[in-house]
Amino acid sequence: MSVHLHWFLPTGGDGRTLVDRHAYTDGGIRRDRITPVSGVRAPDIEYLAQIAKAAEQLGFEAVLTPTGTWCEDAWLTTVALTQVTERLKFLVAFRPGVISPVLAAQMAATYQRISRGRLLLNVVTGGDSTEQKRFGDHLGHDRRYARTDEFLKIVRGVWGGRPFDFHGEHYQVAGGLTALPPDPLPQIFFGGSSAAAGPVAARNVDVYLTWGEPPEEVKQKIDWIRGLAEKERRTVRFGIRLHTISRDSSKEAWATAGRLLDDLDPETVAAAQQALGKSESVGQQRMLALHGGSRDKLEIAPNLWAGVGLVRGGAGTALVGSHAEVADRIEEYHSLGIEHFVLSGYPHLEEAYWFGEGVRPELAARGLLEAGPAPLAGVPAVNGRPASAPGGAPLLIAGGR
């Protein structure tokens with residue numbers, strides 16, 4: 001089992017701090033507050049193309065795009081980026097409750113033909129009822145997962161190439177059909193930590209994603225999903241969603257994490273924790289429990305830092321350390337059964353280079369993945385850093401944003 005490395009496309013905006021990175025500073029609710037804000041990189045297609053091209057050059061297999069009111073549409077953005085990349089795959093996040101499953105199956109088939117087979121699907125059932133209601137979805141938490149179960153059964157049925165009937169609580173389909181099924185079928189990624197989510201994963205998905213919890217807790221999740229899948233006579237693979245801060249030395253990496261932390265004033269942290277505490281997502285509550293809103297003891301496991309989760313929803317932990325230390329932690333998770341690593345960092349362009357030129361060769365040397373071509377082969381390094389890194393070693397400067 002080799003390691004699959006994926007990166008992230010910040011389709012809501014990017015920057016050098018953990019807060020105020022988004023071009024839609026309030027989630028896009030008040031249209032008069034669409035900015036640019038000083039220091040924020042807008043998610044225009046030119047900047048996203050830079051990240052996509054860098055990820056492809058550095059050997060990442062795919063990039064994840066988020067979904068929500070605070071970011072650009074993942075389907076449209078990524079299909080545009082397929083035209084400026086050659087091999088890179090796109091892990092497109094979408095909400096099953098706000099689109100017809102037959103239409104989603106058709107969209108995936110079209111996407112595969114346009115991209116020549118580079119689509120992966122990330123199914124986001126949704127853990128925030130306020131966000132779901134913005135899309136007209138008023139179902140409760142457990143019923144959303146029951147609907148996702150039906151949705152995925154229909155998608156797979158429609159991909160069979162023959163008329164497909166389905167009669168369930170949430171969907172009734174008569175003769176559903178994708179005339180030209182996708183080839184290959186997109187892998188389906190899915191995450192959920194609740195009791196309602198586990199059986200959905202076991203019955204339907206290819207890759208179960210967890211956020212970056214300590215290894216012992218990740219192992220418990222793997223054992224849980226694997227056991228459910230065995231009862232369904234299925235095999236599920238596993239992935240993890242993490243941020244990374246990798247540097248030439250451990251001291252440099254932790255100094256960078258410290259600068260990110262210095263940007264966070266107590267009021268910002270308190271407001272974020274209050275908002276995140278209202279989430280219905282069990283996974284989000286597990287993320288919050290790792291630090292309890294406190295800046296103390298944020299290294300919750302060796303090289304696993306929970307500082308990101310003080311202000312950010314979703315994935316709230318980062319691998320922090322030297323390139324070798326970050327590779328050690330990836331190898332540790334891999335030994336538990338994690339195959340897919342979906343990574344990100346601030347800013348995403350620079351951090352892609354730090355990881356791709358620092359950690360990826362370490363993993364290749366350990367036989368965990370095939371070594372790719374050296375970036376800009378033949379170009380000499382400058383001050384110990386590969387010449388392909390934009391601006392050399394980027395510093396995150398505290399600016400109160």
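When reading the values below, keep in mind they use all heavy atoms of this one structure, side chains included, and skip hydrogens, waters and symmetry mates.
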- Query: Going through the checks in order, is the side-chain contact (heavy atoms from CB on, under 4.5 Å) test met by His323 and Asp248?
  - Reply: CA-CA 6 Å; His323 305 311; Asp248 294 338; 3.0 Å; yes

- Message: side-chain contact (heavy atoms from CB on, under 4.5 Å), that's the test. Do Leu319 and Leu304 meet it? Break it down for me.
- Response: CA-CA 5 Å; Leu319 297 178; Leu304 185 64; 4.0 Å; yes

- Are Asp137 and Arg143 close enough, and set up right, to give a salt bridge (Lys or Arg N to Asp or Glu O under 4.0 Å), and what steps lead you there? CA-CA 11 Å; Asp137 180 13; Arg143 291 191 69 200; over 6 Å; no

- Apply side-chain contact (heavy atoms from CB on, under 4.5 Å) to Val308 and Thr317, showing your working. CA-CA 6 Å; Val308 180; Thr317 53; over 6 Å; no

- Item | CA sep, side-chain torsions, deciding dist, call: Arg329, Glu332, salt bridge (Lys or Arg N to Asp or Glu O under 4.0 Å) | CA-CA 5 Å; Arg329 300 287 76 78; Glu332 181 179 9; 3.0 Å; yes

- Message: With side-chain contact (heavy atoms from CB on, under 4.5 Å) as the criterion, how do Leu298 and Leu310 come out once you've worked through the C-alpha distance, each side chain's angles and the decisive distance to 0.1 Å?
- Response: CA-CA 10 Å; Leu298 287 173; Leu310 291 174; 4.1 Å; yes

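Ring geometry for Tyr346 versus His348: interplanar angle over 60°, hence perpendicular rather than tilted (30 to 60°). A tilted orientation is assigned to the rings of Phe151 and Phe94, their planes being inclined by 30° to 60°. Relative orientation of the His340 and His6 rings is parallel, given thresholds of 30° and 60° on the angle between their planes.
Note that CE of Met1 and CD1 of Ile338 are 8.0 Å apart. Values are rounded to the nearest 0.5 Å. Atoms CD and OG1, from Gln83 and Thr78 in turn, are 10.5 Å apart once rounded to the nearest 0.5 Å. Considering CD of Gln187 and NE2 of His4, their distance stands at 7.5 Å, rounded to 0.5 Å. Here the straight-line distance linking atom CD of Gln112 with atom CG of Leu180 works out to 13.0 Å at 0.5 Å rounding. Taking NZ of Lys221 as the reference point, atom CG of Leu336 lies at 13.5 Å (rounded to 0.5 Å). Remark: Trp211 CH2 to Leu242 CG distance equals 12.0 Å, nearest 0.5 Å.
Between Phe355 and Phe341 there is no side-chain heavy-atom pair separated by less than 4.5 Å. Inter-residue side-chain proximity for Arg226 and Val236 is flagged as unmet; no heavy-atom pair is nearer than 4.5 Å. No side-chain heavy atom of His291 sits less than 4.5 Å from a side-chain heavy atom of Trp305. Under the 4.5 Å side-chain criterion, counting only non-hydrogen atoms from C-beta, Pro199 is not in contact with Asp149. Put simply, the side chain of Glu351 does not reach to within 4.5 Å of the side chain of His243, judged on heavy atoms. Annotation: side chain of His334 is not in contact with side chain of Leu363 (no heavy-atom distance under 4.5 Å). The shortest side-chain heavy-atom distance between Glu357 and Leu58 falls under the 4.5 Å cut-off. Leu18 has its side chain out of reach of Arg312: every pair of non-hydrogen atoms, C-beta onward, lies at least 4.5 Å apart.
The one candidate from Arg87, Arg360, Lys89 that meets the salt bridge (charged side-chain N to carboxylate O under 4.0 Å, His left out) condition with Glu61 is Lys89. Between Phe90 and the choices Val79, Thr85, Leu64, the side-chain contact (heavy atoms from CB on, under 4.5 Å) rule is met once, by Thr85. For the side-chain contact (heavy atoms from CB on, under 4.5 Å) with Phe190, the lone residue among Val207, Thr125, Asn122, Leu121 that qualifies is Thr125.
At distances below 3.5 Å, not a single donor-acceptor pair connects side-chain atoms of Tyr333 with backbone N or O atoms of Gly239. Between the side chain of Glu252 and the backbone N or O of Ser249 there is at least one donor-acceptor pair closer than 3.5 Å. Remark: side-chain polar atoms of Glu299 are paired, donor with acceptor, to backbone N or O of Asn303 under 3.5 angstrom. The backbone N or O of Arg203 lies less than 3.5 Å from no partner atom in the side chain of Glu232, so there is not a single donor-acceptor pair. No side-chain donor-acceptor contact under 3.5 Å links Glu150 to the backbone of Gln172.
Shortest non-hydrogen contact noted between Ala196 and Tyr145 is O-CB, 3.8 Å. Nearest heavy atoms, Ala108 versus Pro186: CB-CG, 4.3 Å. Scanning both residues, Ile51 and Pro10, for their nearest heavy atoms gives CD1-CD, 3.5 Å. Contact detail for Val342 and Trp7: the closest heavy-atom pair is CG1-O, 4.2 Å. Residues Ala318 and Thr244 share a closest heavy-atom pair of CB-N, 4.3 Å. Closest non-hydrogen pair, Ala105 versus Thr178, comes out as CB-OG1, 3.8 Å.
With a 6.0 Å radius and a threshold of 12 heavy atoms from other residues, nucleotides or ligands, Arg162 has its CZ atom at or below the threshold. Surrounding CD of Gln274 are at most 12 heavy atoms belonging to other residues, nucleotides or ligands under 6.0 Å away.
For Arg366 and Glu362, the salt-bridge test passes: some basic side-chain N is under 4.0 Å from an acidic carboxylate O. Taking a cutoff of 4.0 Å between a charged side-chain nitrogen and a carboxylate oxygen, Lys219 and Glu216 do not qualify as a salt bridge. No salt bridge links Asp263 with Arg259; every basic N to acidic carboxylate O contact stays at or beyond 4.0 Å.
Side-chain contact annotation: Thr82 with Tyr111, donor-acceptor N/O pair under 3.5 Å absent. Thr77 and Thr11 share no donor-acceptor pair across their side chains, judged by distance under 3.5 Å alone. Side chains of Ser344 and Arg241: a donor on one and an acceptor on the other come within 3.5 Å.
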